[in-house]
Structures are given as C-alpha cells and as structure tokens.
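First the proteins, then the strands, lettered A, B, ... as listed; each starts at 1.
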Protein chains: 2
Amino acid sequence: MTTEAAGRRVRRPSGGAASLLEVAVAEFNTRGYDATSMEDLSRAAGITKSSFYHHFTGKEALLRAALERALSGLFGVLDEPAATTGTPLARLRHIVRGQVAVLQRDLPYVTLLLRVRGNTESERWALARRRAFDAQIAALVKEAVAAGEIRPGVEPALAARLLSGLVNSVVEWYRPGRPGTANLPDDVARAVFEGILPAAG
Amino acid sequence: MTTEAAGRRVRRPSGGAASLLEVAVAEFNTRGYDATSMEDLSRAAGITKSSFYHHFTGKEALLRAALERALSGLFGVLDEPAATTGTPLARLRHIVRGQVAVLQRDLPYVTLLLRVRGNTESERWALARRRAFDAQIAALVKEAVAAGEIRPGVEPALAARLLSGLVNSVVEWYRPGRPGTANLPDDVARAVFEGILPAAG
DNA sequence: GTCTATAAATCGATAGAC
DNA sequence: GTCTATCGATTTATAGAC
C-alpha cells in the first residue's frame with residue numbers, strides 16, 4: 001500500500017481531471033458558478049485547493065472545459081444526417097428530439113451553459129456559440145414557415161424563441177430516471193408541434 | 001442651493017430606496033447576484049457603498065425586496081376573478097396570459113426571481129413560493145385533463161412543467177418595446193394550446 | 001500529485017465626521 | 001443622507017516541502 005500508518009497525513013487521490021470536472025460542474029449547478037469557491041470545489045472533491053490547481057489552471061478553466069463539452073454536444077445534433085436532409089419541418093422535428101436527448105445525456109454541462117451570464121471571456125464565447133446555435137434553428141423555422149409547412153400566422157422569430165425556451169427549460173426539472181420521462185424527446189416534440197395543452201375534440 | 005461651490009465634495013442624492021432597488025436589480029440581472037458587489041451597486045447608483053448601506057441593511061435585503069415584488073405580481077394573477085371562475089381550461093388560459101403580462105411589466109424583478117439558486121434564506125423562501133405557485137397551476141392542469149378538456153394522452157405533470165418552462169423562458173429575450181411582442185400574452189397562450197409550430201393543413 | 005502556508009486582492013459591512 | 005477610512009473574513013492563486 002502507498003499510505004503508511006506512520007505517515008503524517010492520508011493522501012486522497014482525486015481520480016484525474018475528468019473526475020474533478022464532474023465534481024466541479026455539480027457544485028457550480030448547485031450553488032451557482034460565482035457563489036462556488038475553489039475551497040468548495042476542493043472539499044467536494046476530497047483534496048486541497050492546491051491539488052485542484054495542479055489539474056486546472058483556475059476556476060475559469062473548469063468553466064471553459066464544461067462549456068465546451070455542452071456546446072460540442074449541442075452542435076453535434078446539427079451535424080447529424082437527419083438534421084441536414086429532408087423537409088425543414090422534418091429536420092426541425094429531428095433537431096428538437098436530438099436537442100432534448102443531448103440535454104438529458106449531458107445534463108450538468110448543458111445546465112451550466114444555460115446559466116452563463118457573460119462575465120468572463122469564456123462566458124462571452126459560450127454565449128456567442130449559443131446565439132449561433134439558436135440562429136441556425138431560427139433560420140430553419142423561417143424556412144418551414146415560408147414553405148407553408150406551418151399553419152399560417154405563426155411569426156418565425158417568435159416561434160424560434162419560444163421553441164428554444166421550451167426545450168431548454170427541461171434542464172430546470174429533468175433528472176435521470178425520473179418517472180414519466182422515458183420518452184421525453186418525443187413528448188417535447190409533440191408539445192412543440194401540437195401544443196402543450198391541446199384542446200380536446 | 002444645498003451644495004456650496006466651496007464644498008470639498010459634490011453630494012449626489014440617490015433618489016430614494018425604490019430608485020436604488022431598481023438600479024440594484026438591473027445590476028444583479030446583468031452580472032448575476034453573486035458576481036455583483038456592493039461596490040458595483042454603489043458605482044451604478046452614483047453613491048458610495050456606505051450611503052447604500054444607509055438605505056438597505058445589506059445585499060440580501062435588496063434581493064429580498066426584489067423577490068417579494070416579483071412574487072406578489074405573480075400571485076396577483078391567481079387572485080384575479082377570471083383565474084378562479086369558469087372551466088379549468090378557461091382559467092388556465094387566463095393565467096397564462098396574465099403570467100406573461102406580469103413578466104413583461106415586472107421584467108427585471110421576475111428575471112431575478114427565476115435565477116435564484118437557494119444559497120440564502122431569502123432565496124430558499126423565494127424558491128418555496130415559486131414551487132407553491134407552480135403547484136397551483138399543475139393542479140389546474142390536472143383538473144383540465146381529468147375534465148376531458150385536453151386531448152387524451154397528455155400527462156398532466158409533464159404538461160405543467162413544460163407550460164411553466166415555456167412561459168418563464170420569455171424573460172430570456174423579451175425587452176420592452178421589442179418588435180413583434182405587442183400581443184405577447186395571446187401569442188404565448190396560442191403556442192401553449194395550439195403548438196409553437198403547428199403543422200399546416 | 002498531494003500537502004501546508006501564505007500572499008494579494010476583494011468582499012460585505014461598520015464607525016464616525018460632516 | 002452623504003462621505004472617508006477601515007475592519008475582519010473570504011477569495012483566487014502561488015511557493016515550496018514531501
């Protein structure tokens with residue numbers, strides 16, 4: 001064994017940078033990024049502040065790594081074949097389902113991304129990437145409306161904003177294994193295209 | 001005049017507690033509550049930190065006042081006559097419109113409310129009040145589904161969460177006077193009951 | 001790769017003069 | 001009701017031993 005009984009203190013291996021990032025993102029989401037100190041992160045990871053600095057150059061480096069992971073997941077959806085071929089409406093339906101799926105899979109990372117305010121360079125970079133993502137979807141909504149695939153009277157810009165808002169709001173309550181969320185991507189898609197509370201009859 | 005030319009320094013009247021609260025909430029929403037220091041608030045208000053403390057006992061007192069205002073606006077909607085009489089579906093439609101209207105009227109305050117994480121007693125109180133608000137709406141959704149007013153197959157708990165998410169997401173992009181938002185309460189209500197992107201035909 | 005110890009800056013908040 | 005000045009705690013980050 002590596003730790004001697006006569007040793008002055010127990011060494012607590014951290015599990016590597018990936019494991020530390022996971023811990024940090026969870027803390028950020030619980031308390032908020034700005035309210036979480038490096039001391040908080042160290043305590044949660046079971047090592048000291050100094051040890052944490054050995055793996056990441058600082059607090060913002062952690063944030064940056066988390067935001068990159070979230071954005072790479074989201075943009076991955078736009079690159080899938082079903083998101084680039086077919087009618088605008090079919091592509092939109094696929095993207096909505098895919099976005100919800102990514103949000104479920106990378107929940108902590110996407111949650112953090114959606115709460116970024118723009119205080120640092122990394123945050124502003126993430127906000128710009130988010131805007132680019134939303135703009136691609138807004139363009140597709142516009143196409144679908146222009147092609148007559150959407151019921152007349154729907155304003156594309158407003159619809160795109162409400163669409164983003166509805167999909168992203170899932171991070172506020174979804175937790176893995178939660179009852180009634182087995183087919184969440186399809187359920188959200190149905191809400192988008194048929195209504196959250198469609199009238200009977 | 002009250003300020004002499006020979007005076008050592010210019011006095012800068014703050015405009016009262018209400019005016020200071022407005023300034024503070026705007027700063028909180030721009031930078032995030034935790035990332036905003038009393039120094040930031042003082043600079044934005046044009047007075048010193050000490051002067052700010054003369055009007056509010058501290059940073060959290062400002063937050064508390066703002067959260068109370070937001071919650072009083074939201075709960076006001078549930079007390080309106082049209083929210084307590086009629087069919088569940090009609091009451092829901094009124095509440096959705098009213099909630100969006102409050103969100104437009106008290107935008108900075110509601111924005112701050114929706115970003116609270118639960119780090120302090122005031123924040124936990126606000127979260128509990130939000131849960132109570134959401135629970136009332138969820139109960140009404142359940143009533144409407146049970147009464148057969150909603151198309152069969154809609155899960156009440158999920159629908160209530162998506163409803164809250166869609167409505168609340170408006171604070172992420174709405175700004176007073178923004179083009180295309182003249183009838184936002186009705187537009188959001190239509191999205192809820194008919195779909196954000198209803199298929200043509 | 002972990003630790004102790006501490007630097008340097010900033011934080012929320014207070015004392016007390018005018 | 002404003003100000004200057006400052007306290008004590010906390011924060012991010014670094015130095016250097018093991």
Quiz item: Between CZ of R93(A) and CZ of R190(A), what distance do you get to the nearest 0.5 Å?
Solution: 9.0 Å
Quiz prompt | Rounded distance (Å) that lies between atom P of dT4(C) and atom CD1 of I47(A) | solution = 12 Å
Quiz item: So, is T48(B) close to the dT2(D) phosphate, meaning a side-chain N or O under 4.0 Å from OP1 or OP2?
Solution: no
Quiz item: OP1 or OP2 of dA13(C) sitting under 4.0 Å from any side-chain N/O of T57(B)?
Solution: no
Quiz item: Going by heavy atoms in the side chains, are L162(A) and D187(B) under 4.5 Å from each other?
Solution: no
Quiz item: Hey, is the side chain of H55(B) poking within less than 4.0 Å of OP1 or OP2 on dT2(D), counting only N and O atoms?
Solution: yes
Quiz item: Can you check whether S14(B) has a side-chain N or O nearer than 4.0 Å to OP1 or OP2 of dT2(D)?
Solution: yes
Quiz item: For DNA chain D, whose closest nucleotide is more 5', that of L20(B) or that of K59(A)?
Solution: L20(B)
Quiz item: Below 4.0 angstrom from OP1 or OP2 of dC3(C), is there any side-chain N or O of S51(A)?
Solution: yes
Exercise. Starting at CD1 of I95(A), measure out to CG of L74(A) and round the result to the nearest 0.5 Å.
Key: 11.5 Å
Quiz item: Could you give the CZ-to-P distance, from R31(B) to dC11(C), as a whole number of Å?
Solution: 10 Å
Practice problem: Identify whether any heavy atom of S42(B) sits under 4.0 Å from a base atom; if not, whether one sits that close to sugar-phosphate; answer base, sugar-phosphate or nothing. | Solution: nothing
Quiz item: For the pair made of NZ in K49(B) and P in dC7(D), what is the distance, rounded to whole Å?
Solution: 13 Å
Quiz prompt | Whole-Å distance separating the CG atom of L41(A) from the P atom of dA13(D) | solution = 11 Å
Quiz prompt | Between C1' of dT10(D) and CZ of R43(A), the distance in whole Å | solution = 12 Å
Quiz item: Expressed in angstrom and rounded to an integer, what is the separation of E39(A) atom CD from dT4(C) atom P?
Solution: 11 Å
Practice problem: Return the minimal non-hydrogen interatomic distance between D40(A) and A35(A), and the atom names on each side. | Solution: OD2-O, 3.7 Å
Practice problem: Could you work out which one of dC3(C), dG12(C), dT4(D) sits closest to the side chain of S50(B)? | Solution: dT4(D)
Quiz item: Any side-chain N or O of S37(B) under 4.0 Å from OP1/OP2 of dC11(C)?
Solution: yes
Quiz item: CE of M38(B) versus P of dT4(D): gap in Å, rounded?
Solution: 16 Å
Quiz prompt | Within-4.5 Å side-chain heavy-atom neighbours: V100(A) and Y174(A) | solution = no
Quiz prompt | Separation of atom OH in Y53(A) from atom P in dT4(C), rounded to whole Å | solution = 16 Å
Self-check item: dG1(D) OP1/OP2 closer than 4.0 Å to side-chain N/O of H54(B)
Solution: yes
